[in-house]
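Here is the structure we will look at, set down as structure tokens.
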Number of protein chains: 2
Amino acid sequence: MKNTIKVERAKQNITQAELAEKAKVSRQTINAIELGKFIPSTLLALKIARIFGATVEQLFELEPGDE
Amino acid sequence: MKNTIKVERAKQNITQAELAEKAKVSRQTINAIELGKFIPSTLLALKIARIFGATVEQLFELEPGDE
DNA sequence: TATAAAAGTAAAGTATACTTTACAAAAAGA
DNA sequence: TCTTTTTGTAAAGTATACTTTACTTTTATA
């Protein structure tokens, strides 16, 4: 699974720390998600999508290997 | 967070076991998600949404308490 | 009403999401 | 270049998603 959170942050010009604060998670959680170190819960994905005014599908995409 | 998986299953007339098989998780996992016992990962939510031809937002909805 | 299929539940175990603290590396700005 | 901000990383701990096995309850159907 890949995601475009880093790009969305760039568009809206906010830092990992700011996004973390808005989503009410730690900065390291945002960092790890951006780097693909782990996959967020649907709750967090929905929150992040809402913060960006995007859909979960726009932010997170299944890859072939995810079958 | 609430979800409409049970309704979608009814629309498409498939059992928890069948959905579990398609999503490659255990039947108990589907059951627990339907009953709100836990929130799936974004990976699983995307898979389920794709199986139903729906979006994650159509299946999973944030509630006021989820802040 | 008897039988089968589907759904609910429970417990014990494993995997992973997420937190906290702390520090290092990189990027940005003065 | 010096300083600050931002990002990356790591380790230890906690919470929770998910599995497996197995049994009970409910719902559908013959």
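Owing to the predicted nature of the structure, the values given are computational and were not obtained by experimental measurement. Every chain is numbered from 1, with letters handed out A, B, ... down the list of sequences.
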Give a yes or no on whether Leu59(A) and Phe38(A) share a hydrophobic cluster (residues Ile, Leu, Val, Met, Phe, Trp, Tyr; joining criterion: side-chain heavy atoms under 4.5 Å apart).
-> yes

Result for 5'-nearest mapping on DNA chain D, choosing between Arg27(B) and Phe38(B), is Phe38(B)

If only side-chain N and O atoms of Ser41(B) are considered, is one of them under 4.0 Å from the OP1 or OP2 phosphate oxygen of dA17(C)?
-> no

Among dA22(D), dA6(C), dC18(D), which is the nearest nucleotide to the side chain of Thr15(B)?
-> dA6(C)

Scanning both residues in full, the closest heavy-atom pair of Ala23(B) with Leu44(B) reads CB-CD1, 3.9 Å

Looking only at side-chain N and O atoms, does Ser26(B) come under 4.0 Å of OP1 or OP2 in dT19(D)?
-> yes

Of all the nucleotides listed (dT9(C), dT9(D), dC18(C)), which has the minimum atom distance to the side chain of Leu44(A)?
-> dC18(C)

Could you work out which one of dT9(C), dG8(D), dT19(D) sits closest to the side chain of Lys37(B)?
-> dT9(C)

Please work out which residues in residues 1-13 of chain B have a non-hydrogen atom less than 4.0 Å from an atom of DNA chain D and list them by number.
-> none

Any side-chain N or O of Gln28(B) less than 4.0 Å from the OP1 or OP2 oxygen of dA11(C)?
-> no

Answer yes or no: does a side-chain N or O of Asn31(A) lie under 4.0 Å from OP1 or OP2 of dT7(D)?
-> no

Side-chain contact check for Leu35(A): nearest option of dC18(C), dC18(D), dT9(D) is dT9(D)

Kindly compute the distance separating CG (Asp66(A)) from NZ (Lys24(B)), expressed to the nearest 0.5 Å.
-> 11.0 Å

